Every structure is written in C-alpha cells, then in structure tokens.
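Only this structure's heavy atoms are used, side chains among them; waters, hydrogens and symmetry mates stay out. Because the structure is predicted, anything quoted here is derived from the model rather than measured. Within every chain, numbering begins at 1; the chains are lettered A, B, ... in the order of the sequence lines, protein sequences first and strands thereafter.
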Protein chains: 2
Amino acid sequence: MLNNGAVDRIFHALGDSNRRAIIERLSRGALSVSALAKPLDITLAAVVQHLQVLEESGLVRTEKLGRVRSCQLHPEGLRVAEDWLANRRGLWEQRFDRLGELLDGPVPSRKKART
Amino acid sequence: MLNNGAVDRIFHALGDSNRRAIIERLSRGALSVSALAKPLDITLAAVVQHLQVLEESGLVRTEKLGRVRSCQLHPEGLRVAEDWLANRRGLWEQRFDRLGELLDGPVPSRKKART
DNA sequence: CCCATACTCAAGTCGCGACTTGACTATCCG
DNA sequence: CGGATAGTCAAGTCGCGACTTGAGTATGGG
C-alpha cells in the first residue's frame, strides 16, 4: 500500500507468471522483444506491456538499437527481492535462536507475559 | 501460466502489499488473526482471506486453539522464492563470468577458470 | 447464564490489471 | 523504391482479486 514503492513494484512485477517467464528467459541472455514474445502465446503488444512493468520495477533494462529493442536482466532488482525475503526469514529464525537461549539457561530478570 | 504451481502461488501471494505486511509482522513472532488485523485498515474478513492465500501458498501456517487462530511464518515458503530468485540471478552472473573469460584472452587451447 | 470476543461463511461490489485489436511509425534489405 | 520486419500507441474488453457487509457459530470469562 503506502509501502516502500520499490519493493512494492518489484514484488508486483514478480507476481505475474508471464513476467517471471520473461525473467527466466532473460537470465539465459539478452533477447529482443519479438524473440521474447514467440513462446508466450500472447500478443507482442502484451509482451511490451509486461516489459514496461519489468523495466519500471528495475528488474529489466532495455535499449533500442535500430528497430530492435534488446532486453536484459538487471540483477540488482532481483537482489532487492532476495534481500527482503532473506531478511524476514532471518528475523524468524533468529527467534528460534533466542528460544534456544531461553531454554538453555535462566535469563537474568525479565518478566512480561505474552501469548 | 501452466507453471510449477507452488512457485506460482508463492509469488502471487507475495505480490500483495497487505500480505507482505502480514509476513513482515509474523517474522517478529506468531500472532492471532485479530492482532494481525489491527494495524491493517481492512476488515477482519479481508485479513482472513489473505491468510487463506498465504496458507495455501505455504508461506504461513495457522493453528486454531480454542477460539483463537494462531498464525506463524513458514520460512520454507520464503526459501522457495529466494531460491528461484537466486537461481535466475546466478544464471545471469554466470554469463558474465564466461564473458570475462572470453575477454581475458583468446583461449589458448583449453581453459580452466576459477574465480 | 449471558455477553463479548474471535473468528467463519456467503454474497455481492468494484476497480485494476492482463490482454486484444487496429492503426501507425521507424528501420532494414533486396 | 517497396515490402517486410520490429516495435509503438491508444482504446476498449473482461475476468479476477481485494474488499465489504451482514449474518452466523464457537469459546471463554465474569
């Protein structure tokens, strides 16, 4: 919602399977728009729209040479998503570590009941 | 598309910012449905629907004790998404390594590169 | 026992996002 | 030049997904 817009756009972009398919193919190397479109049983125009979303989210960069637009993956975008996920997971697993501490030995003095 | 359904569901679930907000709060610890709902300016029913999506995607597990449903993060779900991203990024960066080899020198006769 | 709590369920609304169509522009090549 | 290729743009359709409302069911505490 009123989130960090970048993360928002990235995860929204990743939420569509056609867009993930595009990312998947681009991870093997740069491709033109029509090359990307071929295996995708949607129209070229739809692919262009997906590419707009991907580019605005920072996951893909494109450059037009002559009449062909070349698209490549921009891995830093993927990094942002990865970091977000790793972070949440980290926090969660950290809790288990603390639980381990609690079980291991009596904590100095701290009492506050919750759930 | 007709993708691996699990990855599909996970990224679709992550695509909504309210659901990510739920994940974010759950990464700090387990919470009840109504506790999750409080900061979210949507109705309880909407939160329950989000939780259904999260649970079906394997990102969250819930258990009902008495009248309260306790929700906790299921980090393996996050792991699946992380792995997918790391994989694509890996493929892409691997390409640059190969490009580096090519640029480094005209391959003598055999090449055995290791960073 | 009774009221509040904590959900649950079924409908129904509504806007947005994915996709198409059709017309148009720019570039390459023979 | 002319035709084919590659992409662009603007509208418009349509279904799905997020959300609400309202009524119903257990559970727990005083």
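Following rounding to the nearest Å, Gln49(B) (CD) and dC16(D) (P) show an atom-to-atom distance of 16 Å. Here dA10(D) presents its P atom at 10 Å from CD of Gln52(A), a figure rounded to the nearest Å. In this structure, Ile22(A) atom CD1 and dC19(C) atom C1' are separated by 13 Å, rounded to whole Å. Distance CG (Leu14(A)) to P (dG17(C)): 15 Å, rounded to an integer number of Å. One atom, CG of Leu36(B), and another, C1' of dT8(C), lie 16 Å apart when rounded to the nearest Å. Summarising the geometry, the separation between CG on Asp16(B) and P on dG15(C) is reported as 18 Å, rounded to the nearest angstrom. Atom pair Phe11(B):CZ and dG17(C):C1' shows a separation of 19 Å (rounding to whole Å applied). To the nearest angstrom, C1' of dG17(D) lies 13 Å from CG of Asn18(B).
Counting only heavy atoms from C-beta on, Ala45(B) has its side chain closest to dT20(D) among dT20(C), dC19(D), dT20(D). Taking only side-chain atoms of Arg69(A), from C-beta outward, the nucleotide of dA18(C), dT20(C), dG7(D) with the closest atom is dG7(D).
In this structure, NZ in Lys64(A) is found 11.0 Å from SG in Cys71(A), a value given to the nearest 0.5 Å.
Between Val48(A) and Arg67(A), it is Arg67(A) whose nearest contact on DNA chain D lies nearer the 5' terminus. Projected onto DNA chain C by closest heavy-atom contact, His50(A) and Leu65(A) fall at different nucleotides, the more 5' of which corresponds to His50(A). Nearer to the 5' terminus of DNA chain C, by closest-nucleotide assignment, is the contact made by His12(A) (compared with the other of Leu44(A) and His12(A)).
Although no hydrogens or angles enter the test, the distance criterion places no donor-acceptor pair under 3.5 Å between the side chain of Arg19(A) and the main chain of Leu14(A). Side chain of Arg25(B) to backbone of Leu36(B): a donor-acceptor contact under 3.5 angstrom is found.
If you check every strand for non-hydrogen atoms under 4.0 Å, Thr43(B) touches a base.
Taking the ring centre of Trp84(B) as origin, the terminal cationic atom of Arg88(B) falls inside the region bounded by 6.0 Å and 45° from the ring axis.
For Arg69(B), the CZ atom sits in a packed shell: over 12 heavy atoms of surrounding residues, nucleotides or ligands are nearer than 6.0 Å.
At least one side-chain nitrogen or oxygen of Ser32(B) sits closer than 4.0 Å to the OP1 or OP2 atom of dC7(C). Phosphate contact (OP1/OP2 of dA6(C), side-chain N/O of Lys64(B), threshold under 4.0 Å): absent.
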